[in-house]
Structures are given as structure tokens and as C-alpha cells.
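If you're wondering where the values come from, they're calculated on a predicted model, not measured in any experiment. Each chain gets a letter, A, B and so on, in the order its sequence line appears, and its residues count up from 1.
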Number of protein chains: 2
Amino acid sequence: MAPTSAALPASGEREQLSLVDGLAQLSFAVHGVLESRAADLDLSVTQARLLGVLRDRLPTMNELARLLGLDKSSVTGLVDRAERRGLVARVPSTEDKRSVLVKLTDEGRDLVASAAGGFAAEVSALLEVLPASDREALAAIVSRLLVANAARRGLDLFPASGSRDQSTR
Amino acid sequence: MAPTSAALPASGEREQLSLVDGLAQLSFAVHGVLESRAADLDLSVTQARLLGVLRDRLPTMNELARLLGLDKSSVTGLVDRAERRGLVARVPSTEDKRSVLVKLTDEGRDLVASAAGGFAAEVSALLEVLPASDREALAAIVSRLLVANAARRGLDLFPASGSRDQSTR
DNA sequence: TATTGTTATACTCTATAACTATA
DNA sequence: TATAGTTATAGAGTATAACAATA
């Protein structure tokens, strides 16, 4: 189920990977790890993302839709299926009677911890072929890249640090 | 449609991104770029992958299934929809009358070139926030990482360089 | 009137199982 | 008998449009 080849980029003309092609292949590899670790727990990547988002948030359906980049009607079905499995629960909002909050159940929390652990272990294994100096340099550069782009788009890279939940108001 | 946050990893406790979390977020960012560039051309990521795989191959349905990591019945539908749009064509094999070869049409080739160009441009834009020295270091490290892991799994990172097509026999 | 969430509907993507035609 | 491909069927995931309840 894990896609092994990059497919779209890297038409394969050079003998050395370009940065764009390299990042594309790396991205597929990491995405494939996520896919297979989630599948081990009978989770799709989407369900895993849902649980991941809920780890440090108690969002409304609407906020969830924005966090996941989906239409609200898609989130209805997504949460339906997760709720049917006992991984999340809908909680009526007291502030606004139209709203519904979505929270992780204990079972959901266990499952997402498990998935995150497996994911981290397998990505770490991928990285073991690199010398420690490369890993340190890579961490620093990737961090700079993400921070700079997040800043450029006015996003919060560390949502749960300062104020508690509901970050995207 | 592009997922902005990493969601699963990065529970958000540190003030500095770990390498695993960073790679996860980077992977989501790159995947999101692929998604949105493909969507611009009314392609799903799956359709884009199909076209990408076909750029330098003339595989049978069966080979295509292995290349994409899908069941052959899934590939039937995938190719059906692409064929209906005029992006690929089925060609009966002369060697084995059971087999069907799948090839890119001219229109499909144009479209995938367009998609690849847009993808490269947008990923390059993401990278522009980095100093050139970081980009060079990143390219070198990512390349080492991919080559080492490919070698560890006995894979061919440069399929179309030596022998022509049908690499995964 | 505007917003929140759900429902109805439709399409893509995916898999399993059964089938047809060839080998 | 085994392999290549398709079909039938089922389910997840997604979106658009229409709706009910609440603001």
C-alpha cells in the first residue's frame, strides 16, 4: 500500500538527484511510512490526521474542517466513521447550541499515540543510514525552511504552546 | 484542498522541531503542493502519479499495478478514467494476447509536463527562503539519504538510465 | 439574514471475489 | 492449471447543493 516510487517528478535524466526531485521522493517515502503505520492500526491517513489534530485541540466541526482543509460535509462523514469506531466523541457546545465539539476518546488517544510512535520509529530507521552530522544539519535546515515559510504565510508552527486550543479563530 | 498542518506528528511540546516532526511537516507541504498543482489541471494525485509513471515506461496493466502499489482491479478503473479523458491509451500486446500495454497520449504527455513544471516551480518557491548554502547542503544530504535507502532495499533509483523501460520485471 | 451542522447525491479511489480469455 | 485483465460489489473519502436549527 505504500507508494515506493516518486512517479511524478524525477523523469530520470540526470545521474544526480535535483533538490526538487529529492524532496519529492523523500516526501513520498515519509508519506508511505505514515500510510503503512496507520494501516497497521486499521487507520487511513485521513483518520490518522483527524486523530492527530485532536490530540491537542477540542475544535468544533467547523474548525475541524478548516484545520483539515476539508468541506464541513466531508468532516461529518469522517467524524461519523471515527465515532462509530469509538475513537472520537461529539460533545454539544454549551456556548452555541448550533455547534458540536469533537474530542478524542481514551481509545482514540491510545491509538494515535501508538501510530505516532510507530511513525517516529520508522522514520528514524530511514535516517539511520546518515551520519549524525548529516542528521543534525538536516534538522537545522528543515527547521529553518518550515519556520520561514510558516512565517511568510502568517501561520503558527507551534499551536499548543502559548494559548490553549482553538488556535485558528 | 492542500493540507497545511502536519497533524499526526508534532504534538507541539518543544520550541524546536525534531527531525522526525520536521520531515513529517515538510512531507505534508510537498504533498500539498503536488495536490494543488495537479488539481489546477483537474488531476487527482493518483491520476498525476499514473501519468508520471507512464512518462518513461510502456507497462502492462499488471506492471502498472506493481509500479503504483495498487490492485490490478484498481488500475482498471484508474486507466478507464484516464482513457475516457484521452490522457492514456490501451494498446493490445502482440507478445501475449492476454496483456494490454498502457501508453501516454500526446495530450497526456503535455498535461504531465505541465504538472511537473508547476510542481517544480512551486517547490522551488518554497525553497527560496533558504540561503543557497542551505539548499546545496540539503540537496546533498537528501540525495545521500535516498540513495542509501534505495541501495539497502535493492531498488533502482534511476530506472530509465541504462536499459529502456519495463524496469520491474 | 447568516452560520452550524447534517443529509442527499455523485464521483474518485481502493480492495476482494468471481469471471473470461489466453498461456 | 496459472496468469492477465475486467466486472461486480462494497466502502472510504471528497465535494456541491439543499435543508433544519440556532444566532
Side-chain angles (χ1 to χ4, degrees), chain A residues 1-3 7 31-32 34-36 38-39 41-51 53 58-85 87-102 166 168-169, chain B residues 1-3 7 31-32 34-36 38-39 41-51 53 58-85 87-102 166 168-169:
Chain A
M1 201 166 280
H31 198 269
L34 178 54
E35 215 167 73
S36 57
L41 302 171
D42 270 303
L43 290 173
S44 65
V45 170
T46 300
Q47 290 285 333
R49 282 229 307 151
L50 168 64
L51 302 187
V53 159
L58 186 66
T60 65
M61 292 293 284
N62 215 6
E63 289 165 344
L64 205 42
R66 271 185 291 126
L67 286 165
L68 295 173
L70 299 174
D71 189 85
K72 52 186 179 152
S73 65
S74 304
V75 176
T76 294
L78 202 59
V79 170
D80 281 350
R81 292 184 290 273
E83 196 172 28
R84 214 178 298 139
R85 273 185 68 177
L87 303 178
V88 308
R90 281 177 166 93
V91 184
S93 166
T94 52
E95 293 180 4
D96 185 337
K97 280 185 194 154
R98 295 171 302 179
S99 285
V100 178
L101 305 179
V102 184
Q166 280 123 332
T168 340
R169 271 277 156 70
Chain B
M1 203 167 278
H31 198 268
L34 178 54
E35 218 166 71
S36 57
L41 303 171
D42 271 302
L43 290 174
S44 66
V45 171
T46 301
Q47 289 285 333
R49 283 228 307 151
L50 168 64
L51 302 187
V53 159
L58 186 66
T60 65
M61 292 294 284
N62 215 7
E63 289 165 346
L64 206 41
R66 272 186 290 124
L67 286 165
L68 296 172
L70 299 173
D71 189 85
K72 52 186 180 152
S73 66
S74 303
V75 176
T76 294
L78 202 59
V79 170
D80 281 350
R81 291 184 289 274
E83 196 172 27
R84 214 178 298 141
R85 273 185 66 178
L87 303 178
V88 307
R90 281 177 165 93
V91 184
S93 167
T94 51
E95 293 180 2
D96 185 336
K97 280 184 195 155
R98 296 171 303 180
S99 284
V100 178
L101 305 179
V102 184
Q166 280 125 334
T168 339
R169 271 278 155 68

Separation of atom [atom1] in [X] from atom [atom2] in [N], rounded to whole Å:
X: A/E83; N: C/dT6; atom1: CD; atom2: C1'; answer: 13 Å
X: A/R66; N: D/dT14; atom1: CZ; atom2: P; answer: 18 Å
X: B/L70; N: C/dC13; atom1: CG; atom2: P; answer: 10 Å
X: B/M61; N: D/dT7; atom1: CE; atom2: C1'; answer: 12 Å
X: B/D71; N: D/dA10; atom1: CG; atom2: P; answer: 17 Å
X: B/L43; N: D/dT14; atom1: CG; atom2: P; answer: 18 Å
X: B/N62; N: D/dT6; atom1: CG; atom2: P; answer: 11 Å
X: A/D42; N: C/dA15; atom1: CG; atom2: P; answer: 14 Å

- [ ] For the residue pair A/T60 and A/N62, confirm or rule out a side-chain donor-acceptor distance under 3.5 Å.
- [x] no
TODO: Output yes when at least one side-chain N/O atom of A/R90 is less than 4.0 Å from OP1 or OP2 of C/dT6, else no.
DONE: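 Checking C/dT6 against A/R90, a side-chain N or O does come within under 4.0 Å of OP1 or OP2.
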Task: Short side-chain N/O contact to C/dT14 OP1/OP2 from B/T46, under 4.0 Å - done: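 B/T46 to C/dT14 OP1/OP2: side-chain N or O found under 4.0 Å.
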- [ ] Return the minimal non-hydrogen interatomic distance between B/L41 and B/R85, and the atom names on each side.
- [x] O-NH2, 3.4 Å
Options [options], nucleotide nearest the side-chain atoms of [X]:
X: B/R98; options: C/dA15, C/dT22, C/dG5; answer: C/dT22
X: B/Q47; options: D/dG5, C/dC13, C/dA15; answer: C/dC13
X: B/L78; options: D/dA15, D/dA4, C/dC13; answer: C/dC13

Task: 5'-most by nearest nucleotide on DNA chain D - B/G77 or A/K72 - done: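 Final value for this comparison: B/G77.
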Task: Touch class at under 4.0 angstrom, heavy-atom based, for A/K97 against every strand present - done: sugar-phosphate
Open item on the list: Any base atoms under 4.0 Å from B/T76, or only sugar-phosphate, or nothing? Heavy atoms, all strands.
Closed with: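 Base, at least one base atom sits under 4.0 Å.
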Could you check if a side-chain atom of [X] sits within less than 4.5 angstrom of a side-chain atom of [Y], using non-hydrogen atoms only?
X: A/R90; Y: A/D80; value: yes
X: A/L64; Y: A/L70; value: no
X: B/K72; Y: B/T76; value: no

Task: B/S44 or A/D96, whichever maps to the more 5' nucleotide of DNA chain C - done: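 This one resolves to A/D96.
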Open item on the list: When you measure only distances, ignoring hydrogens and angles, does the side chain of B/S73 come within 3.5 Å of the base of C/dT16 through a donor and an acceptor?
Closed with: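 It does, because a donor-acceptor pair links the side chain of B/S73 to the base of C/dT16 below 3.5 Å.
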Open item on the list: On the side chain of B/R81, is there an atom forming a donor-acceptor pair with the base of C/dT12 - under 3.5 Å, no angle test?
Closed with: no
